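Read through the structure below, which is laid out as structure tokens, and then see the notes.
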2 protein chains.
Amino acid sequence: MQRCCPPAEIAPHAFGGAAELLKAVADPHRLRILATLASARDEVCVCDFTAALPLNQPTVSHHLKLLRDAGLVASERRGTWVYYRLAPGAHERVSAAVAAALAPAVPA
Amino acid sequence: MQRCCPPAEIAPHAFGGAAELLKAVADPHRLRILATLASARDEVCVCDFTAALPLNQPTVSHHLKLLRDAGLVASERRGTWVYYRLAPGAHERVSAAVAAALAPAVPA
DNA sequence: TCGTTGCATTGACACACTTCGATATTGCGG
DNA sequence: CCGCAATATCGAAGTGTGTCAATGCAACGA
């Protein structure tokens with residue numbers, strides 16, 4: 001029986017960090033939160049999320065914490081309310097994680 | 001007590017499809033598979049993945065099926081072996097899913 | 001036809017994730 | 001100081017995901 005192919009080079013990287021970042025984004029509600037922050041280009045109050053999303057307040061807070069831990073959003077407390085905004089470079093970081101895996105090899 | 005903010009517009013989209021696509025990508029082993037296919041710019045035999053990844057053969061087959069169901073890779077059987085290649089537009093589709101959420105609002 | 005090899009599928013298990021109710025924390029107004 | 005309102009955290013329930021051993025299926029060679 002013939003060989004199946006030339007040995008084939010397997011990508012060496014672990015992609016652990018990229019997977020973590022993408023997992024933080026791979027949820028419809030979190031995507032909607034991010035889209036809101038991105039289109040707002042400004043801070044958004046948590047109360048707006050709890051009012052608009054079909055989720056209870058603790059669940060919204062949980063998703064916001066995941067995004068915060070991933071470094072994709074930043075929060076600031078002003079009085080009783082907490083405002084979230086997109087972290088600088090959030091889009092670039094996620095795009096880079098995607099490109100690290102799916103971008104074709106660059107010829108030297 | 002003062003109002004927290006101007007009402008704030010929440011993104012209406014559901015982002016269900018984007019989340020599904022990103023979930024298919026948000027795994028270190030699947031990212032490595034995709035990176036291998038992207039850098040190979042050619043088809044890769046399944047046997048190369050089972051040999052290089054720290055996973056058993058059924059697990060590799062499972063990840064390949066997920067990527068196939070997501071439309072990110074295509075497979076072709078030739079004799080005993082099965083070869084996988086990156087589906088055309090895979091990078092664009094994932095990038096678009098990311099941009100749909102994180103790209104800032106485009107001014108009209 | 002028969003055995004072997006490569007890959008896919010099935011069933012089961014352990015773990016992580018999403019969601020919620022209950023409770024704690026923080027800050028404001030009275 | 002006390003009560004209230006806005007968020008955060010905790011604990012539990014239900015669901016999904018990654019992994020493997022066992023098995024099935026397809027193609028090749030003898």
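From a predicted model like this one, the values you see are computed outputs, not experimental measurements. A note on names: the letters A, B, ... follow the listed sequences, proteins ahead of strands, and every chain is numbered from 1.
Across the interface with DNA chain C, nearest-nucleotide mapping of B:Val46 and A:Asp27 shows B:Val46 to be the residue nearer the 5′ end. Of the two residues near DNA chain C, B:Val60 and A:Ala26, the one whose nearest nucleotide lies more 5' is B:Val60.
Neither OP1 nor OP2 of C:dG6 sits under 4.0 Å from any side-chain N or O of B:Thr80. Close to C:dT19, at under 4.0 Å from its OP1 or OP2, lies no side-chain N or O of A:Thr59.
Rounded to whole Å, the distance from NZ on B:Lys65 to C1' on D:dT17 is 15 Å. Residue A:Leu22 contributes atom CG, which lies 19 Å from atom P of C:dA16 at whole-angstrom precision. The CG-C1' distance, from B:Leu66 to D:dT17, rounds to 9 Å in whole Å. Atom-to-atom, NZ of A:Lys23 to C1' of C:dA16 comes out at 8 Å; the value is rounded to the nearest Å. For the pair A:Ile33 CD1 and D:dT7 P, the interatomic distance rounds to 13 Å; values are reported in whole Å. The CG atom of B:Leu55 sits 14 Å away from the P atom of C:dA8 (whole-angstrom rounding). The distance from atom NE2 of B:His62 to atom C1' of C:dT10 is 12 Å, rounded to the nearest whole Å. For B:Asn56 and C:dC7, the CG to C1' distance is 14 Å, given to the nearest whole Å.
Checking D:dT7, C:dG6, C:dA8 against the side-chain heavy atoms of B:Trp81 singles out C:dG6 as nearest.
Within 4.0 Å (heavy atoms only), B:Arg78 reaches no atom of the nucleic acid at all. Backbone-only engagement by A:Tyr84 is indicated by non-hydrogen atom pairs under 4.0 Å involving sugar-phosphate atoms exclusively. Contacts of A:His63 with the nucleic acid, taken as non-hydrogen atoms under 4.0 Å apart, involve only primed sugar atoms and P, OP1 or OP2. Nucleic acid contact for B:Leu53: none, since no nucleic acid atom lies under 4.0 Å from a heavy atom of the residue.
With values rounded to the nearest 0.5 angstrom, B:His62 atom NE2 is found 6.5 Å from B:Arg30 atom CZ. Considering CD1 of B:Ile10 and OG1 of A:Thr36, their distance stands at 4.5 Å, rounded to 0.5 Å. Residue B:His63 holds its NE2 atom at 6.5 Å from CD1 of B:Ile33, rounded to the nearest 0.5 Å. One distance of note links CG of A:Leu53 with OG1 of A:Thr59; it measures 10.0 Å at 0.5 Å rounding.
On a pure distance criterion of 3.5 Å, a polar donor-acceptor pair joins the side chain of B:Gln57 and the base of C:dA8.
Counting heavy atoms from C-beta outward, A:Leu86 and A:His91 have side chains that stay 4.5 Å or more apart.
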